[in-house]
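Quick note on labels: first sequence line is chain A, next is B, and so on, each numbered from 1.
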Amino acid sequence: MTNLEHKSGHNKPAQEKEFVKEITPKSVDYSQWYVDVVLKAKMMDYAPIKGFMAIRPSGFALWEKIQELLDRRFKETGHENAYFPMFIPHELLEKEAEHVEGFSPEVAWVTKGGDEILSEPLVVRPTSEAIICDFYSRWVQSWRDLPVLINQWCNVVRWEKSTRPFLRTSEFLWQEGHTCHRTEEEAEEEALKMLEVYREFIETEMAIPAVVGRKTEREKFAGALRTYTVEALMSDGRALQAGTSHNLGQHFARVFDITFLDQDDQLKHVWQTSWGVSTRLIGALIMVHGDDRGLIIPPRLATFQAVIVPILTKKDRERVLEAVHELNNQLKPHIRVKLDDREEYSPGWKYNDWEMRGVPLRIEVGPKDLDKGQVVLVRRDNGEKFVVPQKELFARLPGLLEQIQNDMLQKALEFREVNTRSGSDYEEFKHIMEEKRGFFLASWCGDPACEEKVKDDTKATIRCIVFDKKPENEECLVCDKKAKEVVYFARAY
RNA sequence: CGGGGCGUGGCGCAGUUUGGUAGCGCGCUUGACUGGGGGUCAAGAGGUCGAAGGUUCAAAUCCUUUCGCUCCGACCA
């Protein structure tokens, strides 16, 4: 009941007491820390329905930023946005056998419209392959109609048994790209291209280093030929699937009859891909960068990159206010800045509040600073505090924000490297999965039985099969057969 | 779906063992003094104790049923 002691404010070191007391320290209870952060930073609130949530403005702003930055990349790679219905006739979902088997346990049903019982029950989309393929079967006739490169931003519903804010909710927001191609090679290229878009986005904008690879049969998308994945390591040593890209092959094209007449006068099925990332990315952001004081948002993704906190004393109130308003106006064209000139909160209160919300940089301006022609800067990521002459501020800010972004990535990268281990000793592996977690790079024979055994023994799963890397004459980590693949193991969310 | 924890002012909790006038902290309101790391003082507002049924002179407290949340597992973005 350490947790309760903490919450009621007892038995805490004096040092900690100075800071945000509503947040349970990571070291005490990681899950509780996560929940405290999302609630206290006003990212979300629980809905009156299990597994559902409201995404509050400060959480949604992150999603908007993610949308903006990703959507730009989708457009650059030739994709267009569209929108498809939220409801899918059940018979459509049923067409692809593997697909329906994978999703039927978690679909939500609509059986009534008003007072009338529907003759054809509908399901709320858990993903849109089925309904989109139904459209594509009509839209695609000729090789001239290919490729189809469409994306949609929407919500989906999966009736989950256990849910956690952002990481797994029954309804979540995402984007799903759905493409059709003339050849297998082209589809494969598309699937890998979008995987790389995700990886690059997550690393560049979110400052989260990610490993990419292919999913095993056990872990792949229901109905896909191959599934590729972007995996990130959270600060508790568990892996999180941050994005997926599927080569669907012709599985859906066959059952939905998506055909085109090729130049050689042959009627052929298209080759398809689908790929997506969700609001789960927000969960990843929190768990990769956050600390005991709350969120830390990388500057490129931050709604506010810097917050100006004036120190308003009775005597100097007017001139400080005037100065910060001017500073705010000067900075506005160049960085996303917020002036917190509320007078009903003390500066110290604001420091804690903005730190909890993860604003990358704080700019303090008080009477002493005005006298000396300077401002005080405090970095959220490492707490570093330094004085900058006001004249230099303008020139230094962009570089400083970039520095913070880089340092955050570097820190996450180092964490991942320290927590990526490898070896061939199964006992050691079990021990590491139990004690330290993190990624474990090892060789695997390809037998699902070994994969299953690992899961039973350690709760870890194969997160992905590493691209272009084959074991050299090694045995499988689990059995004594010859290894075929190099894989990352980890306990996952 | 299994196992644990929890439902009491907006939030966090005490009170339940042993039935007897609903309490504390934070937040909120008003005012004054304050203001460089969650300020101080004063005066206030706010609760059918998750719901239903039962036992009793009397139920937050005992009994039965039920609903919800949450954590951990099994299943999944």
Quick one: label A/Q241 by what it contacts on the DNA or RNA (base, sugar-phosphate, nothing), any heavy atom closer than 4.0 Å. sugar-phosphate
Would you mind classifying the nucleic acid contact of A/Y345 as base, sugar-phosphate or nothing, using non-hydrogen atoms under 4.0 angstrom? base
Below 30° counts as parallel, above 60° as perpendicular, anything between as tilted: where do the rings of A/W153 and A/W63 land? perpendicular
Mind checking A/F172 for me? I need base, sugar-phosphate or nothing, with any heavy atom below 4.0 Å counting as a touch. base
Mind checking A/V277 for me? I need base, sugar-phosphate or nothing, with any heavy atom below 4.0 Å counting as a touch. nothing
Between atom CD in A/Q32 and atom C1' in B/G5, what is the gap in whole Å? 11 Å
Closest nucleotide of RNA chain B for A/G348 versus for A/P105: which of these residues is on the 5' side? A/G348
Could you tell me whether A/K215 contacts a base, only the sugar-phosphate backbone, or nothing, with contacts defined as non-hydrogen atoms closer than 4.0 Å? nothing
Across the strands shown, which category fits A/K350 at heavy-atom distances under 4.0 angstrom: base, sugar-phosphate, nothing? nothing
Under 4.0 angstrom, heavy atoms only, what part of the nucleic acid is A/G276 near: base, sugar-phosphate, or nothing? nothing
Would you write out the dot-bracket form of RNA chain B, 5' to 3', with Watson-Crick and G-U pairs under 3.5 Å, [ ] for crossing pairs, | for pairs to other strands and . for unpaired bases? ((((((((.[[[[.)....(..]]]].((((((.....)))))).....[[[[[..)....]]]]])))))))....
Kindly determine whether A/F394 and A/Q330 satisfy side-chain contact (heavy atoms from CB on, under 4.5 Å), including the steps that lead there. CA-CA 8 Å; A/F394 183 81; A/Q330 284 172 345; 5.7 Å; no
First encountered from the 5' end of RNA chain B, between A/L312 and A/W174: A/L312
Does any donor-acceptor pair link the side chain of A/R362 with the base of B/G37 at a separation under 3.5 Å? yes
In terms of the angle between their ring planes, are A/F135 and A/F84 parallel, tilted or perpendicular, with boundaries placed at 30° and 60°? tilted
What is the distance from CZ of A/R380 to C1' of B/G37, rounded to the nearest Å? 13 Å
Determine the contact category for A/L240: base if any of its heavy atoms lies under 4.0 Å from a base atom, sugar-phosphate if only primed atoms, P, OP1 or OP2 are that close, otherwise nothing. nothing
With a non-hydrogen cut-off below 4.0 angstrom, is A/S278 in contact with a base, only sugar-phosphate, or nothing? base
Any N or O donor-acceptor pair linking the side chain of A/E343 to the base of B/G35 at under 3.5 Å? no
A/V35 side-chain proximity, nearest of B/C76, B/G36, B/C71: B/C71
Would you mind classifying the nucleic acid contact of A/E160 as base, sugar-phosphate or nothing, using non-hydrogen atoms under 4.0 angstrom? base
Measure from NZ on A/K459 to C1' on B/C76 and round the result to the nearest Å. 17 Å
In whole angstrom, give the distance that lies between atom CG of A/L39 and atom P of B/G10. 17 Å
With heavy atoms under 4.0 Å as the rule, sort A/T127 into base, sugar-phosphate or nothing. nothing
Out of B/C75, B/G36, B/G37, minimum distance to the side chain of A/R218 belongs to B/C75
Would you mind reading off the distance between A/E171 atom CD and B/A77 atom C1', rounded to a whole angstrom? 14 Å
Looking at the side chain of A/S346, which of B/A77, B/G37, B/G39 is the nearest nucleotide? B/G39
In terms of side-chain heavy atoms of A/R168, which of B/A77, B/U70, B/G36 is nearest? B/A77
For the side chain of A/K314, starting at C-beta, report the closest nucleotide among B/U34, B/C76, B/G36. B/U34
Return the minimal non-hydrogen interatomic distance between A/I335 and A/A306, and the atom names on each side. CD1-CB, 3.9 Å
May I have the distance from A/D316 (atom CG) to B/U34 (atom P), rounded to whole angstrom? 14 Å
Check this for me: does any side-chain nitrogen of one of A/K65 and A/E68 sit under 4.0 Å from a carboxylate oxygen of the other? yes
Rounded to whole Å, please give me the gap between CZ in A/R317 and P in B/G36. 16 Å
Aromatic A/Y488 / basic A/R463 pairing, under 6.0 angstrom, 45° off normal: no
Output the rounded distance in Å from CD (A/E451) to C1' (B/C75). 15 Å
What's A/T163 touching, base or sugar-phosphate or nothing? Going by heavy atoms closer than 4.0 Å. sugar-phosphate
Taking the ring centre of each residue, are A/F166 and A/W174 less than 6.0 Å apart? no
